[in-house]
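Both ligands and their constituent atoms are indexed starting at 1 by order of listing.
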Amino acid sequence: MASSGSRVVDIHTHMYPPAYVELLESRQTIPLIRRFAGAKDPRYIILPAEAESLEKISQAGAAATTQLPGRPVTTHYSSLQQKIHFMDTHKIDISVISLANPWLDFVAEAEAAETARSVNREFESMCLEHPGRLFFFATLPLSAPAEELLAAIDFVRGLKHCRGVILGTSGLGQGLDDRRLIPVFKALAKNGLMIFLHPHYGLPSEVWGPRATEEYGHVLPLALGFPLETTIAVARMYLAGVFDEVPELKMLLAHSGGTLPFLAGRIESCIVHDGHLVREGKVGPKRRTVWQVLKEQIYLDAVIYSEVGLKAAIDASGVDRLMFGTDHPFFPPLTSDEQGEWESMKWNKAAVEKALGEGSQGTLAVMGGNAIEVLQLKEDA
Ligand code: URA
Ligand code: ZN
C-alpha cells in the first residue's frame, strides 16, 4: 500500500477554462451558457435532462418559472484562484484537474483538434502557475479525424503535468466497445496515460417518468443516471474484450465505478449462464473475470459520499486502487458560504475514515498516497 505521508490529493476536480466558457456562450443548443432576465449569474445548461426545461423556458419566458435550467456559472467553474482557495480551505495539497463534461464531444470535426490543443495548453499553463500543486487529465478531440486524434495523444504526452485523459462514455459516437477505439486505447496505454472515465449522458429521459423535470430536480439523472452510464460503458468494454486486447490500459472510474463493484457478481453470473457466450467459447478457463479486471486494470475514485459504497469499492478493487476526490465545482453548499467548507469534501473524507479508520494506513493511501504513487505526482518526476 502506498504511503506518502499524509498528503491529500483530489483526483476528481473540474475546471471550465475561460476559452471553453466562451465556446459555450456562443452556442444555441446544449451544452451552452445563457443569461436569463432577472438572474444574477448566467447558467450552464449541459445535461441532456436539462434540455427539456430550457425548451419550456424558451417558449413561456423565464418569468413563468421559479426554476431556471442548469446551474449558475460562479467563479468556482473557471477561476484558478478559486480552485486554489478551495484546495487551501479543505487542506488539499494536490489536485489533478480536468475539463468538465461534456468536454469537446460536441465540437465540429474540423475544429476539434485545434480546440483540444488550446484547452490542453491552458491546463498545462494553469499547472505551471502552481508548481507541485496541480496536475491534469487532458481532453481528447474525439470528433476529429483518426490521425488527428492520435496526434493529440502524442501532444498531451509531452505536456509535463499531464497524467492521463478524461473521457466520456460516447467515444466516437458508438460507445467505448467500438473497435475503432482500439488504436486510441493502445496509444494511451503505450504512453502510460490513464483514462479517467466520467459520465455525462445518463439514461434516456423517459426512464425518469413524466414528473421528474418539474418535481425531482437533478436528483435522478445525477444520482442514478450518471453511475449507471459508467457501469454500462465499462461492462460493454469488458464484454467486447477490450481489457484483454489492451492489457496495459489503466482506467480510473468516476463515482467509485458507478455500480460496478455492487453488480460485478451479477454480471459474472449472467456471463457463465449465457448460452450464446458459452457456445461461442467466450467462457473458457482462461477468461479473466470482471473481478480480476477490477483488481488489475481499474482504479476507482472515492466520490461516493458514504462508507457503504466505499467499502464495496475497496472490496472490489483493493484499498491501493481507490483515490479521493471532491467533484468540485459541482454540488456547492446551498445554505452556507460557498467560500467555506463543502459537503463533498466532508462527506467523502468521512466515508474514507469510517470505512478504513481515522489516521490508518488505508485512509492515508486513499486520501492521497495512492494518487501520488499511481499518477506519479512529483513535481520533478
Ligand atoms: N458532476 C459532474 O462532474 N458533472 C455534472 O454535470 C454534475 C456533477
Ligand atoms: Zn465530475
Side-chain angles (χ1 to χ4, degrees), residues 9-17 20-21 24 30-34 42-54 68-74 76-78 83 86-87 90 92 95-106 123 136-139 163-170 194-203 205 208 212-213 216-231 233-234 251-258 299-305 309 313 322-334 338 342-345 347-348 371:
V9 181
D10 182 357
I11 52 84
H12 188 154
T13 179
H14 304 291
M15 294 282 303
Y16 288 96
Y20 188 79
V21 169
L24 293 189
I30 65 155
L32 55 78
I33 292 178
R34 184 167 298 175
R43 313 276 300 181
Y44 268 120
I45 303 158
I46 52 175
L47 297 179
E50 293 159 1
E52 214 174 295
S53 18
L54 177 64
L68 291 173
R71 56 207 56 65
V73 183
T74 64
H76 285 271
Y77 286 81
S78 54
K83 178 69 74 188
F86 177 83
M87 290 168 66
H90 296 94
I92 293 167
S95 287
V96 185
I97 52 180
S98 50
L99 188 66
N101 49 299
W103 316 282
L104 304 179
D105 287 9
F106 57 89
F123 270 87
F136 75 105
F137 290 118
T139 307
R163 290 298 183 271
V165 300
I166 184 161
L167 201 69
T169 61
S170 63
M194 179 178 275
I195 292 177
F196 175 24
L197 181 64
H198 193 292
H200 170 71
Y201 297 95
L203 297 180
S205 59
W208 311 126
T213 318
Y216 310 150
H218 293 155
V219 174
L220 294 171
L222 289 181
L224 307 180
F226 265 29
L228 284 166
E229 177 190 347
T230 306
T231 310
V234 179
M251 292 185 86
L252 166 63
L253 308 186
H255 315 125
S256 298
Y299 296 82
L300 305 173
D301 78 17
V303 185
I304 195 71
Y305 308 97
L322 265 282
M323 303 186 216
F324 180 75
T326 61
D327 213 356
H328 179 257
F330 292 97
F331 308 115
L334 298 180
E338 272 196 10
W342 287 38
E343 287 93 356
S344 49
M345 178 76 199
W347 289 25
N348 284 318

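Partners of Ile304 under the side-chain contact (heavy atoms from CB on, under 4.5 Å) rule, at least two apart in sequence or in another chain, are Ser256, Leu310. Legend: residues meeting ring-ring contact (aromatic ring centres under 6.0 Å, His included) with His76, ordered by chain and number and at least two apart, are His328, Trp342. Residues that satisfy the side-chain contact (heavy atoms from CB on, under 4.5 Å) test with Ala100, not counting sequence neighbours, are His14, Tyr16, Phe330.
Nearest protein heavy-atom contact of atom 5 (C) of ligand 1 is Phe330 CE2, 3.4 Å.
Here the side chain of Arg163 pairs no donor or acceptor atom with the backbone of Val96 at under 3.5 angstrom.
Near Ile46, the atoms of ligand 1 lying under 4.0 angstrom from a non-hydrogen atom of the residue are 6 (O). Taking every heavy atom of Asp327 and a limit of under 4.0 angstrom, the matching atoms of ligand 1 come to 1 (N), 2 (C), 3 (O), 8 (C). Within ligand 1, counting atoms from 1 as listed, the ones closer than 4.0 Å to a heavy atom of Leu47 are 6 (O). Short contacts between ligand 1 and Leu222, defined as distances under 4.0 Å to a heavy atom of the residue, involve ligand atoms 7 (C). Of all atoms in ligand 1, listed by their number and element, those nearer than 4.0 Å to a heavy atom of His14 are 3 (O). Ligand 1 places these atoms under 4.0 Å from at least one heavy atom of Asn101: 2 (C), 3 (O), 4 (N), 5 (C), 6 (O).
Below 30°, between 30° and 60°, or above 60°: for Phe86 and His90 the angle between ring planes is between 30° and 60°, a tilted geometry.
Across all their heavy atoms, Ala212 and Leu220 have their closest contact at CB-CD1, 4.4 Å. The two residues Asp301 and Ile11 make their nearest non-hydrogen contact at CB-CD1, 3.6 Å. Shortest non-hydrogen contact noted between Ala223 and Pro227 is O-CG, 3.0 Å.
At least one side-chain heavy atom of Ile46 sits under 4.5 Å from a side-chain heavy atom of Pro102. Under the 4.5 Å side-chain criterion, counting only non-hydrogen atoms from C-beta, Thr169 is in contact with Leu197.
Counting only protein N, O or S atoms closer than 2.8 Å to the Zn ion (ligand 2) gives 4.
The shell of residues lying under 4.0 angstrom from ligand 1, judged by heavy atoms, includes His198.
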